[in-house]
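Accompanying notes for the structure given below.
Just so we're clear, the structure is a prediction, and the values are computed from it rather than from any experiment. Because only heavy atoms are used, hydrogens play no part in the values below, and waters and symmetry mates are left out as well, while side chains stay in. Along the sequence shown, the residues carry numbers beginning at 1.
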Amino acid sequence: MMKNVLFLFLFFISCSKIESQATNFVDDLPKSKILEIKNYIKGKNYNQDLAVFINFKVHSGKYRYFVYDLKNDKILQKAVVAHGEGSVVKNSDALQFSNVDGSHQSSLGKYEIRESYNGKFGKAYRLDGLDASNSNSRARAIVLHSYYCIPDKESAYPACLSFGCPMLSKNAFVETAKYIDPSKKTIILYAFY
């Protein structure tokens, strides 16, 4: 009897821990990051209903790009997204980040998703960095675009690498455009690690 009570007690505690950890995340998107963006855009001339998040802590073959409904607190789209080849740390799962032109590293921070244009990768969105960690994004030509080597579905294999741009699969990019294009106000993209 005592063993059963002890087992149930330990089971309850472990379930509580798992549940409390789960409530801090929406998939691989920490609720603290969502709240940070909600507070950042409040009262500013940004889209108050939508934001895009990239969690670079997640393996590059997994879903780590999220279009998020800030009003209803739910994920509208998740996708695989590339990071810069210069962000790779040899013999490590860790990533490094830079704001320096030519580094081929991804940059962390908040971006405004600006105008679209047609370039060598087809349609792309210019990104204007809002933080010291990504303030050179326009000068570095860091843009949101699609590329053929990014898969539609997550897998155990890492995604191909960019020169610092967040790259999506063609299908994921088309889906994202359906959220970005109709927006009358600028949408924030937040890349974090």
Side-chain angles (χ1 to χ4, degrees), residues 24-42 44 46-48 50-70 75-116 121 124-147 149-150 154 158-169 172-173 176 179-180 183 186-193:
N24 291 328
F25 286 83
V26 180
D27 279 307
D28 280 313
L29 182 53
K31 286 190 175 177
S32 62
K33 300 297 182 186
I34 297 166
L35 188 59
E36 188 179 338
I37 289 305
K38 283 182 177 181
N39 289 331
Y40 179 78
I41 65 173
K42 190 183 281 181
K44 295 184 181 140
Y46 291 121
N47 186 316
Q48 302 291 309
L50 283 176
V52 176
F53 296 88
I54 299 174
N55 183 355
F56 281 124
K57 269 283 187 210
V58 176
H59 180 271
S60 70
K62 302 294 183 189
Y63 296 139
R64 60 182 185 166
Y65 171 95
F66 306 95
V67 177
Y68 193 79
D69 179 338
L70 296 167
I75 291 171
L76 300 173
Q77 178 191 4
K78 21 185 193 184
V80 174
V81 63
H83 56 258
E85 65 182 12
S87 288
V88 175
V89 178
K90 199 172 180 178
N91 301 321
S92 172
D93 289 334
L95 296 177
Q96 57 191 0
F97 302 91
S98 173
N99 194 24
V100 176
D101 194 19
S103 68
H104 291 187
Q105 292 182 23
S106 295
S107 298
L108 299 178
K110 295 179 288 300
Y111 296 85
E112 291 180 350
I113 301 175
R114 302 304 296 180
E115 74 277 4
S116 66
F121 302 113
Y125 295 96
R126 297 194 195 282
L127 298 174
D128 284 345
L130 297 169
D131 298 314
S133 56
N134 64 3
S135 59
N136 292 327
S137 58
R138 192 169 280 250
R140 292 178 64 203
I142 301 299
V143 299
L144 178 63
H145 66 87
S146 66
Y147 201 56
C149 62
I150 304 293
E154 58 182 354
C160 61
L161 300 169
S162 72
F163 282 177
C165 295
M167 300 187 312
L168 302 171
S169 74
F173 186 83
T176 279
Y179 294 111
I180 296 173
S183 180
T186 302
I187 295 171
I188 293 291
L189 181 151
Y190 187 21
F192 60 90
Y193 185 68

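By the 4.5 Å heavy-atom criterion applied to side chains, Leu127 and Cys165 are not counted as neighbours. For the pair Met167 and Cys160, the minimum side-chain heavy-atom distance is below 4.5 Å. Considering only heavy atoms from C-beta on, Val52 stays 4.5 Å or farther from Tyr111 through its side chain. For the pair Leu29 and Phe192, the minimum side-chain heavy-atom distance is below 4.5 Å. The shortest distance between side-chain heavy atoms of Leu168 and Leu144 falls below 4.5 Å. In this structure, the side chains of Tyr40 and Leu130 come closer than 4.5 Å at one or more pairs of heavy atoms.
For Ala51, the side chain to side chain contact (heavy atoms under 4.5 Å, CB included) partners at least two apart in sequence or on another chain are Ile37, Phe53, Leu70. Applying the side chain to side chain donor-acceptor pair (under 3.5 Å) test to Ser146 and every residue at least two apart in sequence or in another chain returns nothing. Remark: Pro158 engages His59, Ser60 in a side chain to side chain contact (heavy atoms under 4.5 Å, CB included) (not counting sequence neighbours). For the side chain to side chain contact (heavy atoms under 4.5 Å, CB included) test, residues two or more places apart in sequence or in another chain that qualify with Leu76 are Leu50, Val67, Asp69, Lys74, Tyr179. In this structure, the salt bridge (charged side-chain N to carboxylate O under 4.0 Å, His left out) partners of Asp131, at least two apart in sequence or on a different chain, are Lys110. Checked against side chain to side chain donor-acceptor pair (under 3.5 Å), Ser133 has no partners two or more places apart in sequence or in another chain. Every side chain to side chain contact (heavy atoms under 4.5 Å, CB included) that Glu154 has, sequence neighbours left out, goes to Lys62, Tyr63, Val80. For the side chain to side chain donor-acceptor pair (under 3.5 Å) test, residues two or more places apart in sequence or in another chain that qualify with Ser107 are Arg140. Under the salt bridge (charged side-chain N to carboxylate O under 4.0 Å, His left out) criterion, Lys57 pairs with no residue, sequence neighbours left out. Remark: Ser116 pairs with no residue by the side chain to side chain donor-acceptor pair (under 3.5 Å) rule, at least two apart or across chains.
The shortest non-hydrogen separation linking Ala94 to Tyr193 is CA-OH, 3.4 Å. In terms of heavy-atom proximity, Ile188 sits nearest to Ile41 at CG1-CG2, 3.7 Å.
Among residues at least two apart or in separate chains, there is no salt bridge (charged side-chain N to carboxylate O under 4.0 Å, His left out) pair with a member in residues 94-108. Identified under the side chain to side chain donor-acceptor pair (under 3.5 Å) test for residues 78-94, with sequence neighbours left out: Asp27-Lys78, Arg64-His83, Glu85-His104.
The structure places NZ of Lys42 at 9.0 Å from CD of Gln48, a figure rounded to the nearest 0.5 Å. Atom-to-atom distance recorded for Leu161:CG and Ile150:CD1 is 8.0 Å, nearest 0.5 angstrom. A distance of 9.5 Å separates NZ of Lys44 from CG of Asn39, quoted to the nearest 0.5 Å. Atom CG of residue Asn134 and atom OG of residue Ser98 lie 11.0 Å apart, to the nearest 0.5 angstrom. Here the straight-line distance linking atom CD1 of Ile54 with atom OG of Ser106 works out to 8.0 Å at 0.5 Å rounding. Rounding to the nearest 0.5 Å places CD1 of Ile113 at 5.0 Å from CG of Leu189.
Side-chain atoms of Ser137 come within 3.5 Å of backbone N or O of Gly129 as a donor-acceptor pair. A donor-acceptor contact shorter than 3.5 Å is absent between the side chain of Gln105 and the backbone of Val100.
Side-chain atoms of Gln77 and Tyr65 form no donor-acceptor pair, as typed in the model, at a separation below 3.5 Å.
A distance below 6.0 Å separates the ring centres of Tyr125 and Phe173. Checked against the 6.0 Å centroid criterion, the rings of Phe56 and Phe97 qualify as a close aromatic pair.
Using bins of under 30°, 30° to 60° and over 60° for the plane-to-plane angle, the ring pair His145/Tyr147 lands in the perpendicular bin.
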